[in-house]
Asks: 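Before I ask anything, let me first share the structure, which is written out below as structure tokens.
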Amino acid sequence: MKRLLLPLILLAGCGEEAEPRKPAGKRARPASLPSAPAPAAEAPPAGEVETSVDAASMLKRYYGFIEAGDYDSAWVMRSGPAPEAERVRFAANFKAYERYRATVGMPSRPVEGAGWLYVEVPVMIYGSYRGGKPFGSSGSVTLRRAASVPDASPRERAWHIFTGRR
């Protein structure tokens, strides 16, 4: 996978703190650049757009559960079975936060590999720790679902956060 920053994004509190980014000011364009816009990239097929949007929508629901403190519902949206201790540790990681928010960006086009579809979705998390200190971080989350696996379960046919486990 391209980049898998799940420990940073999903197991909040395990990564380093970062100050929220400030928007960049308007920059002057160098005189050597042409004034004509670059040609538009070829639009992806409609089915790919819908597939990517479905994946991003699922990720928004996931972060919605986390923001609401419903860690068990968020946990179910991750891939594969895991020991109960991991679920408990996942929920415990969020106790450090007073406020936890996420902004989900534009998903990548789906990529198929070995019967699975993968989509990368950029995410920015921000909020405050208990006591008020702000935090912010960004990265991407990989989502996966079965594409052409004949014996895939209904769960495998739905988008879930890819953690490396089936």
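It should be emphasised that the depicted structure is a prediction, and the values quoted were computed from it without experimental measurement.
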Asks: So, do Tyr62 and Arg78 sit near enough that their side-chain heavy atoms are less than 4.5 Å apart?
Replies: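 They are in side-chain contact.
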Asks: Glu112: which residues meet the salt bridge (charged side-chain N to carboxylate O under 4.0 Å, His left out) condition with it, sequence neighbours left out?
Replies: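 Partners of Glu112 under the salt bridge (charged side-chain N to carboxylate O under 4.0 Å, His left out) test: none.
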Asks: Looking at every heavy atom in both His160 and Met58, which two are closest together, and how far apart are they?
Replies: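 Shortest heavy-atom contact: CA-CE, 3.8 Å.
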Asks: Excluding sequence neighbours, so at least two apart, what forms side chain to side chain contact (heavy atoms under 4.5 Å, CB included) with Ala152?
Replies: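 Ala146, Val149, Glu156, Arg157.
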Asks: Would a 4.5 Å heavy-atom cut-off, applied to side chains only, mark Arg145 and Thr51 as touching?
Replies: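 Of all side-chain heavy-atom pairs linking Thr51 with Arg145, at least one is under 4.5 Å.
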Asks: By side-chain hydrogen bond (donor to acceptor under 3.5 Å, both in side chains), which residues pair with Ser73, not counting sequence neighbours?
Replies: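 Per chain and number, Ser73 pairs via side-chain hydrogen bond (donor to acceptor under 3.5 Å, both in side chains) with Asp70.
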Asks: If you round to the nearest 0.5 Å, how far is CZ of Arg109 from CG of Leu117?
Replies: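 Between atom CG of Leu117 and atom CZ of Arg109 there are 12.5 Å.
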Asks: Hey, could you give me each pair passing salt bridge (charged side-chain N to carboxylate O under 4.0 Å, His left out) that has a residue in residues 93-105? Not counting sequence neighbours.
Replies: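 Found none.
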Asks: I want to check something: taking the side chain as every heavy atom from C-beta on, are Ile66 and Phe90 in contact at a cut-off of under 4.5 Å?
Replies: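 Yes; the side chains approach each other to less than 4.5 Å.
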Asks: Between Val141 and Tyr63, is the side chain to side chain contact (heavy atoms under 4.5 Å, CB included) condition met? List the steps.
Replies: CA-CA 12 Å; Val141 176; Tyr63 282 111; 3.9 Å; yes
Asks: For the side chain to side chain contact (heavy atoms under 4.5 Å, CB included) test, which of Pro110, Ser57, Ser108 pairs with Ser52?
Replies: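 When Pro110, Ser57, Ser108 are each tested with Ser52, the side chain to side chain contact (heavy atoms under 4.5 Å, CB included) holds only for Pro110.
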Asks: For Asp72, which residues count as a salt bridge (charged side-chain N to carboxylate O under 4.0 Å, His left out) partner, sequence neighbours excluded?
Replies: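 Here the qualifying residues are Arg87.
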Asks: Once side chain to side chain contact (heavy atoms under 4.5 Å, CB included) is applied, do any residues pair with Ala55, and if so which ones, sequence neighbours excluded?
Replies: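 Partners of Ala55 by the side chain to side chain contact (heavy atoms under 4.5 Å, CB included) criterion, ordered by chain and then number, come out as Val119, Leu143, Trp159.
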Asks: At what distance, to the nearest 0.5 angstrom, does CZ of Phe94 lie from OH of Tyr100?
Replies: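 Here the interatomic distance stands at 4.5 Å.
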Asks: Where do Tyr97 and Tyr129 land on the ring-ring contact (aromatic ring centres under 6.0 Å, His included) test, with the steps shown first?
Replies: CA-CA 4 Å; Tyr97 300 99; Tyr129 292 105; 5.2 Å; yes
Asks: Is the shortest heavy-atom distance from the side chain of Phe65 to the side chain of Trp75 under 4.5 Å?
Replies: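 Heavy-atom side-chain distance check fails, nothing below 4.5 Å.
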Asks: To the nearest 0.5 Å, what is the distance between CZ on Arg89 and CD on Glu84?
Replies: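 It is 11.0 Å, given to the nearest 0.5 Å.
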Asks: Kindly determine whether Thr103 and Tyr126 satisfy side chain to side chain contact (heavy atoms under 4.5 Å, CB included), including the steps that lead there.
Replies: CA-CA 8 Å; Thr103 301; Tyr126 57 94; 3.4 Å; yes
